[in-house]
Amino acid sequence: MTAREARERIEKLKKEIGHHRYLYHVLDRQEISDAALDSLKNELVKLERQFPELITHDSPSQRVGGAPLAMFTKVPHAVPMLSLEDAFSEEEMAEWEARMRKVHPRGDFEYFTELKIDGFAISLEYENGVLRRASTRGDGMVGEDVTENIKTIEAIPLSLSDFIFTAKNGKNRLTIEKNGKIMKILKERIITGNIEIRGEVYMTKKVFEGINREREMKGEPLYANPRNTAAGSIRQLDPKVAASRKLDFLAYTLVTDCGQTTHHEEHEIVRALGFKTDVFARECGELKDVFAFYEDIAKRRESLPYQIDGVVVSVNNNETFRRLGVVGKAPRGAVAFKFPAEEATTVVKDIVVQVGRTGALTPVAHVRPVPIGGTIVSHASLHNEDEIKRLDVRIGDTVIVKRAGDVIPKVVGVIKNLRTGKEKIFSLPKKCPVCGEAIVRPEGEVIARCVNKQCPAKNKEALYHFVAKPAFNIVGLGPKILDALSDVGLVSDPADIFSLEQGDLLPLERFAERSAEKLTVAIEKAKTITLAKFLYALGIIHVCEETARDLAEYFTTKGSVTSPADLLRIASEETPESLQEIPQIGEKVAQSIHAYFSDGYAKRLLQKLTEADIILHSPKPKKRAVPLVGMSFVLTGELTHLTRDEAKVLIREGGGTVQGSVSKKTGFVVAGAHPGSKYDTAKKLGVAILNEQEFLKLAGKQKHG
Ligand code: IVH
């Protein structure tokens, strides 16, 4: 970037940041997220670092204060202060539960949910009921002694003596009561008053805004957010400064064993001892309730007096929690169910169209690399043509990129005020960027596809898919080698893989005799494959592993399928309607399967694979005899031992076929009670009619009685 370009960019950034600061602090309004705004500020600081002569006094970068000195006494934590694993979706929460159940199958999986306050963890140690020491988390094992500063927080009791006194003076016990009933008699420990409690120091949004307003008036640099301000205040060497900050505290952990058996009771005890606890916190019987809690809190988030970044979900039963142990630095029994979206702003350098295995065209924004949530993001999905139009993303635009959990980052917004006029409008190419053939976007669909079967981009992806684990599982044949093989023209479709020789591989980089031999052996071994995996390997649109299994089962009831040619013959007889007889297969999937097998490319490929000696095998259903092979059946009337569907399954598993109507070619009509017109037709045409008993006998399932 030239100095002139930098000057222009800096001016625009300052104006934009100023605009959002004004909205936020003065008008109490927010157009973009804190994260997106921080990201703009970061860019400004970086540019100013590169061109220091461009820094001005009014630059937002000049508001950032210096880091406090680390001069506190170190405090080792007897019980480590752990952190929490994050989860970003209901799926991840379910996975968390599954992991716990695996580790501790007989655990008690009820939950306790509470807000995850965006503050600063503190551990408080009371001796004989008196606050002796407060420490920061530090690295979890050793923190810093911040007692004097913590004492300035009014929400933290300096002494628990009132409560302990009550306990001693009363019946020498402290009780936790619910609706007037004694729920819990606490242990001796609580009476001695040697107790450790942990919780979050935080600053309310109101106090934070007040402080910043004041600082602004005095011309002092503003603070970035309540959390950093709270943390900074606690790590101040002068307690008077901390005192002026009006910090708050919510307790969430009772470290000492006072007889609590659940996390809920921990909350109750610390509340009884005079601490504030989260008023929203509650027990949730199962994940479904946790999700409802999360949704509810997400809605309230903005209006809460403090900042939160998610909810903390803990296994309520302390014994189960303890047995679940610790993974790394986090307990397995608790998780931070975070609110989504970590965002940052960056600049779109280019928009590149990728052609996927199914021919689908996906526009991807190549962006200036930017860290989001711990990783550097340099690509962001734009999904499809309509999305680009909706967002009005142009090449050169400053955009907001969002990355939630593990999903592919995507562009969610454009900061149009930062445009220079040089941005370029992007439109999807009319021809496939890889093979140059026409692009088709069926009416009513958002996805445009390259329909050229020979498109190298498609084939490349198809190749990766073909050899992947759930498909042919050819170990040692990864994308890099496949790319190299297709670059030198040795492999242009999946069938070519099976004609590779050691000598073909040796000239390639990374291959020595030993590895080349290993790979050819692996390829040879892969030639025998189950029909289900083979069907999946073909990469038919909408056919996932599950569908491939259903399909394989169905095809084997139609006859024996031992080669790709058998498959082609059997599959070619199907219609989209007949395929829909397979449970779980709907119209869209059936049409896709039908289209695949009707296509010339698939026919050639399956033929080529047959010539490559691919052997398909599908374990015969339940290893039973196949008494009905070659027989066709029509069902009519009500059966007593079977439902219609069960009868169909029995016929197919037995190797027979089910027909919808009676013709001369029909083998048998199975007639139950109250048969319909099919019965009459069968009689007229002289087709054999079986009653239920006879049918069951034929199918090898004779019923007694
Ligand atoms: S439980 C085992 N409960 O989040 C960790 N933490 O990511 C014990 N936090 O260091 C923490 N609100 O600073 C817990 N209700 C809450 C919390 C909470 C905020 C913070 C805490 C902790 C961090 C973990």
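Each ligand, and each atom within it, is numbered from 1 in the order the structure gives. Position 1 is the first residue of the sequence; numbering continues from there.
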Taking only heavy atoms of the protein into account, state which residues are under 4.0 angstrom from an atom of ligand 1, in chain and number order.
L82, S83, L84, E114, L115, K116, I117, A121, E200, Y252, V312, P331
Not counting sequence neighbours, which residues clear salt bridge (Lys or Arg N to Asp or Glu O under 4.0 Å) with D86? List them please.
K338
Atom CD of residue position E154 - does it have more than 12 heavy atoms of other residues, nucleotides or ligands inside 6.0 Å?
no
Partner set under side-chain contact (heavy atoms from CB on, under 4.5 Å) for V367, not counting sequence neighbours:
T346, V348, A365
Would you please classify the geometry between the F275 ring and the Y126 ring as parallel, tilted or perpendicular, with 30° and 60° separating the classes?
perpendicular
The criterion is side-chain contact (heavy atoms from CB on, under 4.5 Å); which residues satisfy it with S33, sequence neighbours excluded?
A35, A36, E343
Do N318 and E266 have side-chain atoms, one donor and one acceptor, less than 3.5 Å apart?
yes
